[in-house]
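Note that this is a predicted model, so its numbers are computed, not measured. Atom set for the values below is all heavy atoms of this structure, side chains included, hydrogens, waters and symmetry mates excluded.
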Amino acid sequence: MSTPQTTIFSPATAARFDRLVALYPVKRSALVPMLLYAQDEVGYISDAVVAEVAQRVGITELDVRNVLTYYSMLRTKPIGKYNVQVCTNISCMLRDGYGILEHCKKRLGIEHKGTTSDGLFSLEEVECIGACCWAPAIQINYDFYDELTPDKMDQILEDYKAGRGKETV
């Protein structure tokens, strides 16, 4: 299998994939990074992403789907522009992580794995985002927020809604 003649990805992402498969001694080792970059560009891992990544890495689509179902950070369906991940693992749980999660559910009007009707926010409960010293913590896309309170959470959501979130700057 080889690099496809046409691609569903931007020229920059396609070039990144070409570099990745050349970087690793075994092409298959580039699979997870490629899926993460593809997800960032497309929004989720679509059937077209699976097909092209399989071709680029030289494995079957079933091999890609097996990896895809193993890692919880890889998504097979579109989500909101801002993915709010609320940690409820031990440190966050002890410092009201579940309270933050319930506050977000009420504030956004969605449940775990839900997306707001305007497509702006998705919400999910996650096990650990590696911010135990600053619990309770959340992650919105790739940005961390810590030592949260319901009031602080409201301000963060308002900032994103108004285009003032970290990733919107």
Interatomic distance, Q85 atom CD to S72 atom OG [nearest 0.5 angstrom] =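 The distance works out to 8.5 Å.
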
Is there a path of hydrophobic side-chain contacts, each under 4.5 Å between heavy atoms, that joins [X] and [Y]?
X: V57; Y: L23; value: yes
X: I79; Y: L123; value: no
X: Y70; Y: V64; value: yes
X: L31; Y: V49; value: yes

Would you check if the side chain of [X] reaches a backbone N or O of [Y] as a donor-acceptor pair within less than 3.5 Å?
X: S122; Y: N83; value: no
X: R95; Y: A135; value: yes
X: T115; Y: G119; value: no
X: N89; Y: E127; value: yes

Residues in side chain to side chain contact (heavy atoms under 4.5 Å, CB included) with T76, at least two apart?
->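 With neighbours one apart ignored, the set is L68.
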
What pairs with A51 under side chain to side chain contact (heavy atoms under 4.5 Å, CB included), at least two apart in sequence or on another chain?
->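 Scan of A51 (side chain to side chain contact (heavy atoms under 4.5 Å, CB included), adjacent residues dropped) gives E61.
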
If you link ILVMFWY side chains whenever their heavy atoms are less than 4.5 Å apart, which other residues fall into the same cluster as L62? By chain and number, please.
->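 Besides L62, the hydrophobic cluster comprises nothing; the residue is isolated.
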
By the rule that ILVMFWY residues connect when side-chain heavy atoms come within less than 4.5 angstrom, directly or transitively, which residues belong alongside V126?
->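 Members besides V126, by chain and number: I129, F144.
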
side-chain contact (heavy atoms from CB on, under 4.5 Å) evaluation trace for D47 with R65 | CA-CA 9 Å; D47 290 342; R65 290 184 195 287; 3.2 Å; yes

Close side-chain approach of [X] to [Y], heavy-atom, < 4.5 Å:
X: Y145; Y: I100; result: no
X: C87; Y: I138; result: no
X: D63; Y: R28; result: yes

Output every pair passing ring pair (Phe, Tyr, Trp, His ring centres under 6.0 Å) with a member in residues 10-31, not counting sequence neighbours, ordered by first then second residue.
->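 The answer is F9-F17.
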
Which residue pairs satisfy the ring pair (Phe, Tyr, Trp, His ring centres under 6.0 Å) criterion with at least one member in residues 95-133, sequence neighbours excluded?
->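 Sorted pair list: Y82-F121.
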
Compile the donor-acceptor pairs under 3.5 Å between side chains in residues 32-43 and protein atoms, sequence neighbours left out, one pair per line.
{"from": "Q39", "atom 1": "OE1", "to": "R75", "atom 2": "N", "distance (Å)": "2.6"}
{"from": "Q39", "atom 1": "NE2", "to": "M73", "atom 2": "O", "distance (Å)": "3.0"}
{"from": "D40", "atom 1": "OD1", "to": "Y142", "atom 2": "OH", "distance (Å)": "2.8"}
{"from": "D40", "atom 1": "OD2", "to": "Y142", "atom 2": "OH", "distance (Å)": "3.0"}
{"from": "E41", "atom 1": "OE1", "to": "S10", "atom 2": "OG", "distance (Å)": "2.8"}
{"from": "E41", "atom 1": "OE1", "to": "T13", "atom 2": "OG1", "distance (Å)": "2.3"}
{"from": "E41", "atom 1": "OE2", "to": "S10", "atom 2": "N", "distance (Å)": "2.7"}

Distance-minimising heavy-atom pair for M153 and L148 =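 Shortest heavy-atom contact: SD-CD1, 4.1 Å.
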
What are the two closest heavy atoms between A137 and C92, and how far apart are they?
->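 It is N-SG, 3.4 Å.
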
Does any pair with a residue in residues 97-107 pass salt bridge (Lys or Arg N to Asp or Glu O under 4.0 Å), and if so which ones, sequence neighbours excluded?
->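 For residues 97-107: E102-K105, K105-E111, R107-D154, R107-E158.
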
Test log, rule side-chain contact (heavy atoms from CB on, under 4.5 Å), inputs Y71 and L74 | CA-CA 6 Å; Y71 291 103; L74 298 171; 3.8 Å; yes

Test side-chain hydrogen bond (donor to acceptor under 3.5 Å, both in side chains) applied to K113 - qualifying residues, sequence neighbours left out =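 K113 satisfies side-chain hydrogen bond (donor to acceptor under 3.5 Å, both in side chains) with E124 only.
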
Output, in order, the C-alpha distance, side-chain angles, deciding distance and verdict of side-chain contact (heavy atoms from CB on, under 4.5 Å) for V86 and V84.
-> CA-CA 6 Å; V86 181; V84 180; 4.1 Å; yes

State, without any angle test, whether Q155 and D159 hold a side-chain donor-acceptor pair at a distance under 3.5 Å.
->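 The answer is yes; a qualifying pair exists.
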
Audit row: E52, T7, side-chain hydrogen bond (donor to acceptor under 3.5 Å, both in side chains) steps and yes/no = CA-CA 7 Å; E52 184 169 332; T7 180; 2.5 Å; yes

Check salt bridge (Lys or Arg N to Asp or Glu O under 4.0 Å) between D118 and all other residues, then give those that pass, not counting sequence neighbours.
->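 D118 satisfies salt bridge (Lys or Arg N to Asp or Glu O under 4.0 Å) with no residue once adjacent residues are dropped.
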
